Amino acid sequence: MRESVALRGRCFLSLAGGTTPHLLYKMLAREVVTGDVPWQDVEVFFSDERDVPPDHIESNYGMIQRTLLDNLPWHPTAFTPCRRTG
C-alpha cells in the first residue's frame, strides 16, 4: 500500500468477507499502530456482504469493522460498504 501511494498518490483496497481474510485484517490493524501505512490516502471498498444487518454475527462488514476499521485513523467517508437491498 505504501508503494501504491508513493507511485500514484492513493491506494484502493477491496476487502473480502468470511473467515479467510480475518487474520490479514488483524495484521493490517497492527500496521495502524506502527504508523507505516498512509491510511489517509487509502480508499477501502467491500467486495461482498451477507444479507444481514451490520451488527449481525454473520455480517462481513461487522467483522471487518471490529477487526480493522475501528482501528483506522481516517474519516468515515473514506470507505464504501456494500449496500443491502430489500
Side-chain angles (χ1 to χ4, degrees):
M1 289 191 289
R2 288 183 298 273
E3 184 177 332
S4 177
V5 171
L7 291 172
R8 298 173 191 88
R10 63 185 354 182
C11 176
F12 297 98
L13 177 64
S14 180
L15 303 177
T19 57
T20 302
H22 191 253
L23 181 58
L24 172 64
Y25 300 152
K26 285 186 172 190
M27 292 169 60
L28 284 173
R30 281 195 296 271
E31 288 288 318
V32 171
V33 174
T34 64
D36 292 341
V37 176
W39 288 108
Q40 70 277 5
D41 299 315
V42 177
E43 293 188 40
V44 176
F45 298 86
F46 290 79
S47 62
D48 67 274
E49 177 58 290
R50 295 182 173 122
D51 191 21
V52 295
D55 60 350
H56 191 278
I57 189 68
E58 293 185 8
S59 169
N60 291 325
Y61 174 82
M63 179 273 291
I64 293 168
Q65 179 77 40
R66 290 184 304 276
T67 307
L68 178 62
L69 297 180
D70 285 347
N71 297 297
L72 296 180
W74 72 43
H75 190 274
T77 59
F79 70 90
T80 306
C82 291
R83 304 281 185 232
R84 289 184 62 223
T85 60

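Treat the numbers as computed from the prediction; the structure is a model and nothing was measured. Any value given below was found using the heavy atoms of this structure, including those in side chains, with hydrogens, waters and symmetry copies removed. Numbering starts at 1 and runs along the sequence shown.
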Quiz item: Do you know which two heavy atoms are closest between Glu58 and Val52, and how far apart they sit?
Solution: C-CG2, 4.0 Å
Practice problem: Report yes if some heavy atom in the side chain of Leu15 is under 4.5 Å from a heavy atom in the side chain of Tyr25; otherwise report no. | Solution: yes
Exercise. If a pair satisfies salt bridge (charged side-chain N to carboxylate O under 4.0 Å, His left out) and one of its residues is in residues 2-27, list it, with sequence neighbours excluded.
Key: Arg2-Glu31, Arg10-Glu43
Quiz item: What are the two closest non-hydrogen atoms of Ala16 and Pro21, and how far apart are they?
Solution: O-CG, 3.5 Å
Self-check item: Evaluation steps, side chain to side chain contact (heavy atoms under 4.5 Å, CB included), between Val44 and Phe12
Solution: CA-CA 6 Å; Val44 176; Phe12 297 98; over 6 Å; no
Quiz item: Which residues satisfy the side chain to side chain donor-acceptor pair (under 3.5 Å) test with Asn60, sequence neighbours excluded?
Solution: Asp48, Arg50
Self-check item: With sequence neighbours excluded, residues passing side chain to side chain donor-acceptor pair (under 3.5 Å) with Asp70
Solution: Gln65
Quiz item: Can you list the residues that meet the side chain to side chain donor-acceptor pair (under 3.5 Å) rule with His22, with sequence neighbours excluded?
Solution: Thr67
Exercise. Drop me the distance from Leu28's CG to Asn71's CG, to the nearest 0.5 angstrom.
Key: 10.5 Å
Quiz item: Would you say Ile57 has more than 12 foreign heavy atoms packed within less than 6.0 Å of its CD1?
Solution: no
Exercise. Work out which heavy atom in Ser59 is nearest to a heavy atom in Pro53; give both atom names and the distance.
Key: CB-O, 3.4 Å
Exercise. Report whether Val5 and Leu68 are members of the same hydrophobic cluster (ILVMFWY, side-chain heavy atoms less than 4.5 Å apart, transitive linking).
Key: no
